[in-house]
Number of protein chains: 2
Amino acid sequence: MAQIIIQNSLADKVYDLLKDQILSGELAGGMFIPEEQLAQQFGVSRTPIREAIRRLAEYGLVVLKPRSHAQVYQVNEKEARDIARVRVVMERLAVESMTPESINERIEQLARLAADCQYYLGIGNRAALFEKDSLFHLELVKCANNSTLYNLFERLDAQVQLLRVAQNLPDDELGQIINQHGQLLQYLRNGDIAASKALLYKHIVHEAEQNGV
Amino acid sequence: MAQIIIQNSLADKVYDLLKDQILSGELAGGMFIPEEQLAQQFGVSRTPIREAIRRLAEYGLVVLKPRSHAQVYQVNEKEARDIARVRVVMERLAVESMTPESINERIEQLARLAADCQYYLGIGNRAALFEKDSLFHLELVKCANNSTLYNLFERLDAQVQLLRVAQNLPDDELGQIINQHGQLLQYLRNGDIAASKALLYKHIVHEAEQNGV
DNA sequence: AACAACTATCTTGCATACAAAAAACAAGAG
DNA sequence: CTCTTGTTTTTTGTATGCAAGATAGTTGTT
């Protein structure tokens, strides 16, 4: 059921832990993350730490100055809009690329993730809600059967997650957005691509513009 | 004129060299690239080599199996179509996002790159032509003033370059495609977004479908 | 007191060493 | 001859040490 992620190397583990810490806000935007400190914290040498930080930089979660401290990336509002615009075209391409079969294969999982979002919204667990929301959209893009699109979207998703915690939307607006998941699934079941695409725009851009344009 | 790229670290230099070797076909798809061998070849230790290979993997130019050889990525035809579809929506978004000012700022550079493409096509230097073509499209996306879009497009571009050498288009079709650059610039000067978007589809998807669907 | 230059400290970048796992090879059984 | 199994060799993953450069603190000057 839950996808098992094999963490072979220490670098993988450190990467996942650091990513969680950044996305949870534990490591806030702008903070320095010296390699030696992390090495002691995780009880490993600097080598796997370095690799993890480098990968985080590739995903835009930390910024690297040569021969200087790595720093946790801080999203700004301009970037929030930029991210949303790219998200829209990618998710719309995903919807366009779907076939009835590829939708059927994943619709149950999508429905489950949408329900999870509702659940965590209800009990007020935002961290869990955001994680499920990301998984929902990743699953959506998977339906396109386009590995290039999926890989790029994964990268974008990292920044979307960073954005969500920084945004801190009010409960009612968040609820509205989460409710759209169910409607989107209904459109997809009916094969209504146009309606899906229109809803996606609202669903994604809305979020970013709440932040105050 | 030519953008100066500062290569601070050895890893950067190794990355650039390996990238060139892969994109030129010198390191062909499927080949193994052991760290130690490269270390001796470049006269450095394995540490910067590892970092370079990891980054190449992030750009999809090599594939990494845990505790095993890194391997140069081999594009297949399905992926060629996938890449083209993503390219279309990203470059179309770029065109939509442009303003007359952002176009004016870069139109000269774009024209220069388009001319370079023509020149290298004329003398039959494909490697140089492909490089300029990539730069043309990167510059095009830059006009959108969307750093998220640009970063993702850079990643996609690496695979597009890999694709181009594998495709080996006949001269006449390549010529047709390169000629479209000038027309695109004309549309952009006139602010004709719709025509630009239509042409982009032809320009990009055409390439992929020549490969034989 | 504010600013500049110098010094000390810290951090990264790279090289090297070693252990564990995978790949390659060889020998033996069917 | 082919397939399997065991052994050797190679290759990766990680730790550690050192040098170059950046940061931060200190002193001296205006």
Side-chain angles (χ1 to χ4, degrees), chain A residues 4-22 26-74 151 158, chain B residues 4-22 26-74 151 158:
Chain A
I4 296 164
I5 296 162
I6 304 161
Q7 296 168 330
N8 297 293
S9 65
L10 288 178
D12 287 343
K13 291 179 195 166
V14 172
Y15 171 80
D16 285 335
L17 285 168
L18 282 178
K19 186 177 172 185
D20 280 348
Q21 290 188 8
I22 292 173
E26 196 174 333
L27 285 175
M31 279 180 97
F32 289 127
I33 43 175
E35 295 173 3
E36 183 59 38
Q37 181 189 309
L38 294 175
Q40 291 191 346
Q41 184 180 328
F42 291 118
V44 298
S45 82
R46 274 178 53 217
T47 310
I49 300 280
R50 268 182 80 79
E51 192 179 319
I53 291 180
R54 293 312 212 257
R55 205 184 311 168
L56 287 168
E58 292 295 328
Y59 278 80
L61 295 180
V62 306
V63 286
L64 253 38
K65 253 195 307 183
R67 278 207 173 273
S68 182
H69 312 278
Q71 200 171 5
V72 179
Y73 181 70
Q74 194 147 24
N151 285 333
Chain B
I4 297 165
I5 296 162
I6 306 160
Q7 297 169 330
N8 297 293
S9 65
L10 287 179
D12 287 343
K13 291 180 196 167
V14 172
Y15 171 80
D16 285 335
L17 285 168
L18 282 178
K19 187 177 173 186
D20 280 349
Q21 289 188 7
I22 292 173
E26 197 173 334
L27 285 174
M31 277 179 98
F32 290 127
I33 42 176
E35 294 173 4
E36 182 60 39
Q37 180 189 311
L38 293 176
Q40 292 192 345
Q41 185 180 326
F42 290 118
V44 299
S45 81
R46 275 180 52 217
T47 311
I49 300 281
R50 268 183 81 77
E51 192 179 321
I53 290 180
R54 293 312 211 258
R55 205 183 312 166
L56 287 168
E58 293 294 328
Y59 278 81
L61 295 181
V62 306
V63 286
L64 251 41
K65 253 195 309 183
R67 278 208 173 274
S68 182
H69 312 279
Q71 199 171 5
V72 178
Y73 181 69
Q74 194 147 23
N151 284 333

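Each chain gets a letter, A, B and so on, in the order the sequences are listed, and its residues count up from 1.
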**Message:** Which nucleotide wins on minimum distance to the side chain of Pro48(A), given the candidates dT12(D), dG17(D), dA15(D)?
**Reply:** dA15(D)
**Item:** Where Val14(A) and Ala52(A) come nearest, the two heavy atoms and their spacing
**Value:** CG1-CB, 3.6 Å
**Asked** Does the pair Glu51(A)/Arg50(B) count as a salt bridge with the N-to-O cut at 4.0 Å?
**Response** yes
**Asked** Taking side chain as C-beta onward, heavy atoms only, is Gln40(A) less than 4.5 Å from Glu36(A)?
**Response** yes
**Asked** Of Pro34(B) and Thr47(B), whose nearest nucleotide on DNA chain D comes first from the 5' end?
**Response** Pro34(B)
**Fill in**
chain A vs DNA chain C, heavy-atom contacts under 4.0 Å, first-to-last nucleotide span, 5' to 3', is dT11(C) to dG13(C)
**Asked** Is there side-chain contact between Ile22(B) and Met31(B), with heavy atoms separated by less than 4.5 Å?
**Response** no
**Between the first and last five pairs of the helix from dA1(C)-dT30(D) to dG30(C)-dC1(D), the angle of the axes, rounded to 10 degrees** = 20°
**Request:** Check the pair Asp12(B), Arg55(B) against side-chain contact (heavy atoms from CB on, under 4.5 Å), reporting the backbone distance first and the verdict last.
**Result:** CA-CA 9 Å; Asp12(B) 287 343; Arg55(B) 205 183 312 166; 3.0 Å; yes
**Separation of Phe42(A) CZ from Lys13(A) NZ (nearest 0.5 Å)** = 12.0 Å
**Item:** Nearest heavy-atom neighbours spanning Gln71(A) and Ile33(A)
**Value:** N-CG1, 4.4 Å
**Request:** Send over the distance from Glu36(B) CD to dT10(D) C1', rounded to a whole Å.
**Result:** 10 Å
**Nearest-Å distance for atom pair CZ/C1', residues Arg50(B) and dT12(D)** = 6 Å
**Item:** Heavy-atom closest pair, residues Asn8(B) and Pro66(A)
**Value:** ND2-CG, 3.5 Å
**Complete:** Between CG of Asn8(A) and P of dG13(D) the distance, given in whole Å, is 9 Å
**Item:** Residues touching DNA chain C, which here means a heavy atom under 4.0 Å, drawn from residues 51-71 of chain B
**Value:** Lys65(B), Arg67(B), Ser68(B), His69(B)
**Request:** Could you point out which residue of Leu27(A), Leu61(A), Val62(A) forms a side-chain contact (heavy atoms from CB on, under 4.5 Å) with Leu18(A)?
**Result:** Leu27(A)
**Fill in**
Gln40(B) atom CD is separated from dT10(D) atom P, nearest whole Å, by 12 Å
**Complete:** When rounded to the nearest 0.5 Å, the distance separating CD of Gln41(B) from CD1 of Ile49(B) is 8.0 Å
**Request:** Figure out the CG/C1' separation between Leu10(B) and dG21(D), and round it to whole Å.
**Result:** 14 Å
**Item:** Nearest heavy-atom neighbours spanning Leu64(B) and Ala57(B)
**Value:** CD2-CB, 3.7 Å
**Request:** Let me know the distance between CZ of Arg46(A) and C1' of dT16(D), rounded to the nearest Å.
**Result:** 10 Å
